[in-house]
Amino acid sequence: MNKKKAIMILSVCISLLVCTACQKQVEDAEPIDIETDSEVETVQEDIEDSIEETEPEEEIEEELTEDDLRESDTNEEESRIVYNRALEDGETILDGYNNLILEEDVKRSALIYLDEDDIPELLVLKNGEYHLYACDGTQITEIAMADGGIKANAYGPRHILENYSGDYTFYWFEYVPYQRLLRVHNSIDEERCDYYLRYEDGSFALELEARFVDTTWHTYDAKQEIDNEDFLSRLSDIGYDELMPCGYLYENIEDAYENIGRTSSTREVLEDFISGKIDAVYTVEEVNDIPEESFVMRSYEEIFDAKTLGEGWGSTEYVDFDNDGEEELVIRGYTGNCAFLDVIGDTVYVVIETFFTTDRAHVAEMEGKKVIERADYLYVGRKCYDIFQYDACGCVVDFFGLYAFYEGSSYTAEDEFWYREQEITMEEFEEMVNSIQDIPSE
């Protein structure tokens with residue numbers, strides 16, 4: 001990158017700094033109502049019956065430590081304690097999961113169907129990370145990550161350029177039901193990383209990865225960097241484009257089992273938000289195993305007033321900006337600043353927002369996909385477009401810059417033009433700009 005481009009990108013970032021001041025329904029997982037202890041026992045017996053047909057042929061090894069834990073090396077540099085506990089005589093799967101929750105002092109958990117069988121996996125939130133456990137009918141084992149460097153964090157920084165205030169956000173656990181696919185999040189040097197994993201042979205294997213380095217978006221096939229167009233194609237080919245968030249975490253195993261596959265109506269939740277019945281998650285204050293105690297909440301009125309500078313000259317619109325087929329909410333002020341909000345489960349949260357007249361954002365369509373176009377073209381000497389493509393989980397799956405830098409009030413073919421960190425011609429720049437089709441407001 002030449003010196004001029006670096007200076008201009010820095011100026012874009014500084015201008016944004018000044019501004020600081022995902023759902024698909026799981027159709028095949030019908031929950032069984034659990035209302036009394038006797039009904040819980042009936043449900044557990046049903047699970048046991050389904051397991052008897054698929055019990056492993058080999059005898060279970062009895063070489064467990066006194067506290068039923070074993071140490072598993074995740075790589076040469078790091079090892080950690082992995083939960084591995086045999087079910088006791090007469091103990092059902094739900095009993096085992098419930099005892100695990102008690103032993104590990106877990107405050108929030110959920111049951112999901114990650115693989116093809118009828119035995120649910122247990123997802124827990126512990127010390128700010130997600131942990132996943134599987135049961136084969138005889139023992140419960142924690143599913144190990146692909147390596148020790150991959151974490152399943154529930155809290156961390158937003159993608160850079162989404163928010164410059166340093167605020168943290170909450171990461172939902174995202175998976176494809178019955179397909180063994182999931183995505184977890186981590187941060188390295190405060191920069192967010194997204195890991196696309198496959199569950200196989202009792203552990204997770206890394207398939208794809210995406211992250212920001214400085215202000216540049218990088219995508220990987222395992223350890224090899226690949227173009228983002230190839231990355232997006234592989235997401236679709238493998239099935240990661242069907243990821244859905246686990247939007248509900250529960251205090252006890254009975255509630256978790258009763259609500260497997262629970263969904264909600266995005267429009268109804270947003271209407272409750274607008275009417276003042278519920279607030280939205282604005283940011284995260286601290287790491288806590290009870291997420292709602294960590295959330296900084298804002299009402300619709302507070303966000304609307306902030307965007308309209310308290311003068312009430314603004315608007316709200318419903319528009320699908322994440323390609324999930326459901327309309328999300330955009331609150332827009334008369335000066336151009338706005339907030340984009342989505343729903344996970346029954347939780348409204350702020351995905352991305354802008355602040356002043358020089359930081360404008362619109363929902364647009366580009367190459368057949370909805371994107372958020374964040375533009376800076378009011379200053380002399382530059383036209384800058386940052387393009388974000390989100391998925392149904394509120395996660396960025398594509399980001400790129402489209403920039404023109406020039407002297408004076410207009411550019412010529414002799415000036416600098418950039419797309420995805422590559423220098424392009426003026427004709428290519430104009431062709432790309434013209435391909436961004438703004439979606440009109442309601």
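FYI, side chains are in, hydrogens and waters are out, and symmetry mates aren't considered; it's all heavy atoms of this structure. Count residues from 1 along the sequence. None of these values were measured; they are calculated from a predicted model.
Asp147 contributes a side-chain N or O that, together with a main-chain N or O of Gly149, makes up a donor-acceptor pair within less than 3.5 Å. The closest donor-acceptor contact from the side chain of Arg332 to the backbone of His362 lies at 3.5 Å or more, if one exists at all. For Asn186 (side chain) and Ile150 (main-chain N/O), no donor-acceptor pair under 3.5 Å exists by modelled atom type. In this structure, Thr141 contributes its side chain and Asn84 its backbone to no donor-acceptor pair below 3.5 Å. The backbone N or O of Gln139 sits less than 3.5 Å from a side-chain atom of Asp136, completing a donor-acceptor pair. With Asp227 contributing its side chain and Asp230 its backbone, the two residues share no donor-acceptor pair below 3.5 Å. Of the possible donor and acceptor atoms, one in the side chain of Ser435 sits under 3.5 Å from a partner among the backbone N and O of Met432. Checked by atom type and distance alone, the side chain of Ser294 never pairs as donor or acceptor with a backbone atom of Val287 at under 3.5 Å. Side-chain N or O atoms of Asn337 include none that pairs as donor or acceptor with a backbone N or O of Gly333 at under 3.5 Å.
Classified by interplanar angle (parallel below 30°, tilted 30° to 60°, perpendicular above 60°), the ring pair Phe429/Tyr385 is tilted. Ring geometry for Trp217 against Phe212 counts as perpendicular: the plane angle is over 60°, on a 0 to 90° scale with 30° as the lower cut.
Of all heavy-atom pairs spanning Ala364 and Glu373, the tightest one is CB-OE1, 4.2 Å. In terms of heavy atoms, Leu341 sits closest to Glu328 at O-CB, 3.2 Å. Contact record, Ala152 with Met145: CB-CE, 3.6 Å, taken as the closest heavy-atom pair. Between Glu121 and Ile119, the shortest heavy-atom contact is OE2-O, 3.3 Å. In terms of heavy atoms, Asp391 sits closest to Asp322 at O-CB, 3.3 Å. When all heavy atoms of Asp324 and Asp320 are compared, the closest pair comes out as OD1-OD1, 3.1 Å.
More than 12 heavy atoms of other residues, nucleotides or ligands lie within 6.0 Å of CD in Glu103, so this atom counts as buried by the packing criterion. Around CD of Glu431, the count of heavy atoms belonging to other residues, nucleotides or ligands within 6.0 Å does not exceed 12. Other residues, nucleotides and ligands contribute at most 12 non-hydrogen atoms within 6.0 Å of the CD atom of Glu268. Residue-environment remark: CD (Gln224) stays at or below the threshold of 12 foreign heavy atoms within 6.0 Å. No more than 12 heavy atoms of other residues, nucleotides or ligands lie within 6.0 Å of NZ in Lys369, so this atom counts as exposed by the packing criterion.
The shortest distance between side-chain heavy atoms of Glu174 and Ile344 does not fall below 4.5 Å. Using a 4.5 Å heavy-atom threshold, the side chains of Asp398 and Ile387 count as separate. You'll find the side chain of Ile303 reaches within 4.5 Å of the side chain of Phe273, heavy atoms only. Using a 4.5 Å heavy-atom threshold, the side chains of Leu402 and Ile424 count as touching. Using a 4.5 Å heavy-atom threshold, the side chains of Leu100 and Ile253 count as separate. Contact of the Val348 side chain with the Val269 side chain is registered, since non-hydrogen atoms from C-beta on lie closer than 4.5 Å. Counting only heavy atoms from C-beta outward, the side chains of Tyr168 and Pro157 approach each other to under 4.5 Å. Contact of the Tyr171 side chain with the Cys395 side chain is not registered, since no non-hydrogen atoms from C-beta on lie closer than 4.5 Å.
To the nearest 0.5 Å, atom CD of residue Glu209 and atom CD of residue Glu225 are 10.0 Å apart. Of the inter-residue distances, the one linking Gln179 atom CD with Arg198 atom CZ reads 8.5 Å to the nearest 0.5 angstrom.
Asn99 and Glu88 form no side-chain donor-acceptor contact under 3.5 Å, judged by distance and modelled atom types alone. For the residue pair Tyr403/Asp386, the side-chain donor-acceptor check at 3.5 Å is satisfied. No hydrogens or angles considered: a donor-acceptor pair under 3.5 Å links the side chains of Glu207 and Tyr240. A donor atom on one side chain and an acceptor atom on the other are not found under 3.5 Å apart for Ser299 and Asp279. When only modelled atom types and interatomic distance are considered, Glu353 and Tyr282 share a side-chain donor-acceptor pair under 3.5 Å.
Note that Lys307 lies outside the cation-pi zone of Tyr334, set by a 6.0 Å cut-off to the ring centre and a 45° limit from the axis.
Contact check on Glu91 versus Arg85 returns a salt bridge, with a Lys/Arg side-chain nitrogen under 4.0 Å from an Asp/Glu carboxylate oxygen. The residues Arg262 and Asp346 are annotated as salt-bridged, a charged nitrogen and a carboxylate oxygen being separated by less than 4.0 angstrom. A salt bridge is absent between Arg180 and Glu200: the closest approach of a Lys/Arg side-chain nitrogen to an acidic carboxylate oxygen does not fall below 4.0 angstrom. The residues Glu326 and Arg267 are annotated as not salt-bridged, no charged nitrogen and carboxylate oxygen being separated by less than 4.0 angstrom.
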Report the C-alpha separation of Thr219 and Leu208 in whole Å, then their side-chain angles, then the decisive distance to 0.1 Å, and conclude whether the side-chain contact (heavy atoms from CB on, under 4.5 Å) test is met.
CA-CA 8 Å; Thr219 50; Leu208 297 168; over 6 Å; no
Kindly determine whether Asn127 and Asp289 satisfy side-chain contact (heavy atoms from CB on, under 4.5 Å), including the steps that lead there.
CA-CA 6 Å; Asn127 296 328; Asp289 286 344; 4.2 Å; yes
Run the salt bridge (charged side-chain N to carboxylate O under 4.0 Å, His left out) check on Glu191 and Arg211 step by step: do they pass?
CA-CA 7 Å; Glu191 294 178 334; Arg211 59 176 134 138; over 6 Å; no
Apply side-chain contact (heavy atoms from CB on, under 4.5 Å) to residues Tyr250 and Leu111 and explain how you reach the verdict.
CA-CA 9 Å; Tyr250 300 94; Leu111 290 171; over 6 Å; no
Test side-chain contact (heavy atoms from CB on, under 4.5 Å) on Val397 and Leu232; report intermediate values, then the result.
CA-CA 7 Å; Val397 292; Leu232 292 172; 4.1 Å; yes
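Every residue meeting the side-chain contact (heavy atoms from CB on, under 4.5 Å) condition with Thr347, not counting sequence neighbours, appears here in chain and number order: Trp172, Val281. Listed by chain and number, the residues in a salt bridge (charged side-chain N to carboxylate O under 4.0 Å, His left out) with Arg108 are Glu251, Glu292 (sequence neighbours excluded).
The aromatic ring centres of Tyr419 and Phe400 sit less than 6.0 Å apart. Between Tyr390 and Phe340, the ring center distance fails the sub-6.0 Å criterion. For an aromatic pair to be called close, the ring centres must be under 6.0 Å apart, and Tyr97 with Tyr133 fails this. A distance below 6.0 Å separates the ring centres of Tyr196 and Phe231.
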